Peer 1: 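Provided herewith is a single structure, encoded as structure tokens, for subsequent inquiry.
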Amino acid sequence: MPTGNALTEERRHKREKWREGGDEPYPHGFPGRVSLASVRAEVAGREPGSELAGTLRRVAGRVLTIRQHGKTAFVPLRDQSGELQLFLRVDDLGEAGYQRTLDTLDPGDLVGAEGVPVVTRRGEPSLRACSVKLLAKALRPPPEKWHGLVDTEARLRQRYVDLLSSPEVLRSFEGRSALLAEMRRLLSAEGFLEVETPVLGRVASGGLAHPFVTHYRFLEEDFRLRVALELPLKRLLVGGFEKVFEIGKVFRNEDLDADHSPEFTMMELYWAYADYGDVRGLVERLTQALARAAAPYLPKEEAEQRVRDFTPPYATVDYVERLEKESGISGIVELPRERLLELARGVGAKVYASMSHGAALDKLFGHYVESRFERPTFVLDYPLETTPLAKRHRSKPGRVERFELFYRGIELGNAYTELNDPDDQEARFREQLPPPSGPGGADAQEETYAYDEDFVEALRYGMPPAGGLGMGVDRLVMAMLGLSSIKDAILFLPTRARPTGPSIEGPGRGDAGGAGP
RNA sequence: GGGCCUGUAGCUCAGUCGGUAGAGCAGGCGGCUCUUAACCGCAAGGUCCAGGGUUCGAAUCCCUGCAGGCCCGCCA
């Protein structure tokens, strides 16, 4: 049976034969089921050919393949815990039951079985089944059994197929969950309270980005999806929260590539009466804990390497000193804006006429320095103009108290001693505002922190001195689990609409009961 | 935005010099009572991404489009 549609029909046909035999192909449950790994553990280390006589176990999982040898068959199953094969025999199931089971099952089906834990003569832990039930008939065949799904586009469009056919992908996302749990555990242990703030807002501020715009019908107004969590959380400091954090999606209407996704997860925290030095210590504790939490999801050597890498203290470098060293230009910060723009243009950076001194400097920093850090490294004390929400440095003029953490060439986090002077904040926002028109206006707008008037008003009521931190959770997951693309760290990513429908079965090739509208 | 590459069976991939389509897995039929990428035999399965062009003849060469990947630039 050749085409996808014919394969589907063949499976429907088997399903109906099963139903005609008096069994429901989609039953309501399978009570008393234990994990495949637990059965495997029960017989681990026993002699080949032995069995746990008198013990009955019920298991469930997805059929991986069916190896039939006349009057016996082996049917490996997989559940989230691992794999275990069913051992089917005519002697146990009866002639009719055996035949009917094998006539019904296909790779990809979900089945439940009851039987005796055994070790086969070849030493494979198995369940010698006395009963096999269909729990859900799969109408689509799984991808090819030893490559799985490899086409990146298909993996993203149908992540469920990727997951069901590639246990290492599922494992990796289990690792993500473990890291998130550890992050919450540690922050909670440090006394931080988790809060939730709005995704939709009148202004998308707190970060540099193109916002997504949507329409709020109740308010009859266009709103934007947040690009950062910062400003609502700082309002909470004004209100009296002293240690808060939020883990949530932020949205930046920009490109998807190996380390950027338009919809990504950010963790931000704010800590009253602390400064960026305190936050640095916290970042060390947090990343160290995460590296340890990642260990069960990594090969032994990689896990050890990760734990070694994230053993504090981490290296620290001064932004200006390092930029001067790497660029070979001493006194680079004192150069006039025009000269910096020239230099930035010279290294291939995107520049525009109205770009600020600090922005130009940051382009050069990005080119000469940023991707160089392999081990965890804190870069300290950024130029004032790059960072309108951070407090001026207590001893370095023209700079702010800010650090970023780099690992393997990517930025993992960003922290400040938070600016809490309302008048300074207002002035800094105003400096950011681009000229209303003229060359570079549109581009400049892209790289400007939106002015949030109400936030300045909040500061006028008094915000305690505070340290703040933002970390890209997806990138942390990549760093800890050793993933090279953010696509492997986020379960569902956007893909372009297909003119001809979904990849496996589109309109025209589809069957009547199939894919959606 | 720039460059390179890819699109062939449900999946993973071949396809030479331009001569009209191949394998493995999955599926069908048959065989096999300890396999584990099971094995053996038989038969079947194609919108070669789409459109146009060159040509006696195009999966193959050219153009355009669509979708995707990787690298660079840039935002976390």
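Since the model is a prediction, treat every value here as computed from it, not as a measurement. We name chains A, B, ... by the order of the sequence lines, and we start the count at 1 in each one.
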Peer 1: Nearest to the Leu7(A) side chain among rG10(B), rC34(B), rC74(B), which nucleotide is it?
Peer 2: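 Among rG10(B), rC34(B), rC74(B), the one nearest the side chain of Leu7(A) is rG10(B).
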Peer 1: I'd like the P distance from rG28(B) over to rA38(B), given in whole Å.
Peer 2: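 About 16 Å, rounded to a whole number of Å.
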Peer 1: Determine the sole option in Arg375(A), Met480(A), Glu284(A) for which the side chain to side chain contact (heavy atoms under 4.5 Å, CB included) test with Phe310(A) is passed.
Peer 2: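 Of the listed options, the one satisfying the test is Met480(A).
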Peer 1: Expressed as a whole number of Å, how far does the C1' atom of rG27(B) sit from that of rG10(B)?
Peer 2: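 It works out to 9 Å between them.
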Peer 1: When the C1' atoms of rG24(B) and rC62(B) are considered, how many whole Å apart are they?
Peer 2: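 Between the two C1' atoms, the distance is 34 Å.
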Peer 1: Side chain of Glu10(A) only, please: which of rA67(B), rG27(B), rC34(B) is the nearest?
Peer 2: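 Of the options given, the side chain of Glu10(A) lies nearest rG27(B).
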Peer 1: Looking only at the side chain of Thr65(A) (C-beta and beyond, no hydrogens), which of the listed nucleotides rA26(B), rU36(B), rG27(B) gets closest?
Peer 2: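 Of all the options, the side chain of Thr65(A) is nearest to rA26(B).
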Peer 1: Which of the following nucleotides, rG28(B), rC34(B), rG24(B), is nearest to the side chain of Thr120(A)?
Peer 2: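 Among the listed nucleotides, the one closest to the side chain of Thr120(A) is rC34(B).
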Peer 1: Say we look at rA44(B) and rC25(B): how far apart would their C1' atoms be, to the nearest angstrom?
Peer 2: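 My reading of the C1' atoms in rA44(B) and rC25(B) gives 16 Å.
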Peer 1: In whole angstroms, how far is the P atom of rC34(B) from the CZ atom of Arg121(A)?
Peer 2: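 One finds 6 Å between P of rC34(B) and CZ of Arg121(A), rounded.
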Peer 1: Let me know the distance between CG of Leu102(A) and P of rG27(B), rounded to the nearest Å.
Peer 2: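 Atom-to-atom, Leu102(A) to rG27(B), this comes out as 12 Å.
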Peer 1: Measure the OG1-CZ distance between Thr495(A) and Arg157(A) for me, rounded to the nearest 0.5 Å.
Peer 2: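 Thr495(A) atom OG1 to Arg157(A) atom CZ measures 4.0 Å (nearest 0.5 Å).
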Peer 1: Taking any strand in view, what nucleotide pairs with rG19(B) in a Watson-Crick or G-U wobble way, both distances under 3.5 Å?
Peer 2: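 rG19(B) is paired, partner rC56(B).
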Peer 1: Over how many whole Å does the gap from Asp151(A) atom CG to rU8(B) atom P extend?
Peer 2: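 Taking CG of Asp151(A) and P of rU8(B), I get 9 Å after rounding.
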Peer 1: Mind telling me whether rU33(B) is syn or anti, cutoff 90° either side of 0?
Peer 2: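 Base orientation relative to the sugar is anti.
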Peer 1: Show the distances under 3.5 angstrom between N or O atoms of the protein and N or O atoms of nucleotides 69-71 of chain B.
Peer 2:
from: rG69(B); atom 1: OP1; to: Lys487(A); atom 2: NZ; distance (Å): 2.8
from: rC70(B); atom 1: OP2; to: Lys487(A); atom 2: NZ; distance (Å): 3.4

Peer 1: Expected output is a numbered-order residue list: members of residues 82-90 of chain A with a heavy atom under 4.0 Å from any atom of RNA chain B. What is it?
Peer 2: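 Of all residues in residues 82-90 of chain A, the ones placing a heavy atom under 4.0 Å from RNA chain B are Gln85(A), Phe87(A).
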Peer 1: Please say whether the positively charged group of Arg402(A), taken as NZ for Lys or CZ for Arg, lies over the ring of Tyr382(A), i.e. under 6.0 angstrom from the six-membered ring centre and within 45 degrees of the axis.
Peer 2: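 The answer is yes; both the distance and angle limits are met.
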Peer 1: Taking the six-membered ring for Trp, are Phe74(A) and Phe87(A) parallel (under 30°), tilted (30 to 60°) or perpendicular (over 60°)?
Peer 2: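 Geometry flag for Phe87(A) against Phe74(A): parallel rings.
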Peer 1: Would you mind checking if Asp162(A) and Arg159(A) are paired as a salt bridge, meaning a charged N to carboxylate O distance below 4.0 Å?
Peer 2: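 Yes, charged N to carboxylate O under 4.0 Å.
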Peer 1: In terms of side-chain heavy atoms of His147(A), which of rG73(B), rU12(B), rC32(B) is nearest?
Peer 2: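 The nucleotide sitting nearest to the side chain is rU12(B).
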Peer 1: So, for Tyr319(A) and Phe365(A), is the gap between ring centers shorter than 6.0 Å?
Peer 2: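 So the answer is yes for these two rings.
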Peer 1: When you compare rA59(B) with rC49(B), how far apart are their P atoms, in angstrom units rounded to a whole number?
Peer 2: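 Between the two P atoms, the distance is 10 Å.
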Peer 1: Can you tell me which nucleotide in rA26(B), rU36(B), rU33(B) comes closest to the side chain of Lys71(A)?
Peer 2: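 Closest of the options to the side chain of Lys71(A): rU33(B).
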Peer 1: Considering only the P atoms, how many Å lie between rU60(B) and rG51(B), rounded to the nearest integer?
Peer 2: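 Their P atoms lie roughly 12 Å apart.
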Peer 1: On RNA chain B, check which nucleotide each of Thr72(A) and Pro107(A) is closest to and give me the residue with the more 5' one.
Peer 2: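 Nearest-nucleotide comparison on RNA chain B picks Pro107(A).
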Peer 1: Roughly how far apart, to the nearest Å, are rC66(B) and rC13(B) at atom C1'?
Peer 2: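 Each nucleotide's C1' atom is 23 Å from the other's.
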Peer 1: Is rC11(B) paired to anything, Watson-Crick or G-U wobble with both distances less than 3.5 Å, and if yes, which nucleotide?
Peer 2: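 Partner of rC11(B): rG24(B).
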Peer 1: rC48(B) pairs with which nucleotide, Watson-Crick or G-U wobble, both distances below 3.5 Å?
Peer 2: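 Its partner: none found.
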Peer 1: Cation over ring, Arg280(A) on Phe378(A), under 6.0 Å and within 45°?
Peer 2: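 Judged by the rule (NZ or CZ under 6.0 Å from the ring centre, within 45° of its axis), Arg280(A) counts as positioned above Phe378(A).
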Peer 1: Determine the Euclidean distance between corresponding C1' atoms of rU47(B) and rU55(B); express it in Å to zero decimal places.
Peer 2: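 Roughly 23 Å separates the two C1' atoms.
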Peer 1: Does any pair with a residue in residues 59-77 of chain A pass side-chain hydrogen bond (donor to acceptor under 3.5 Å, both in side chains), and if so which ones, sequence neighbours excluded?
Peer 2: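 Passing the test, one end in residues 59-77 of chain A: Arg67(A)-Gln85(A).
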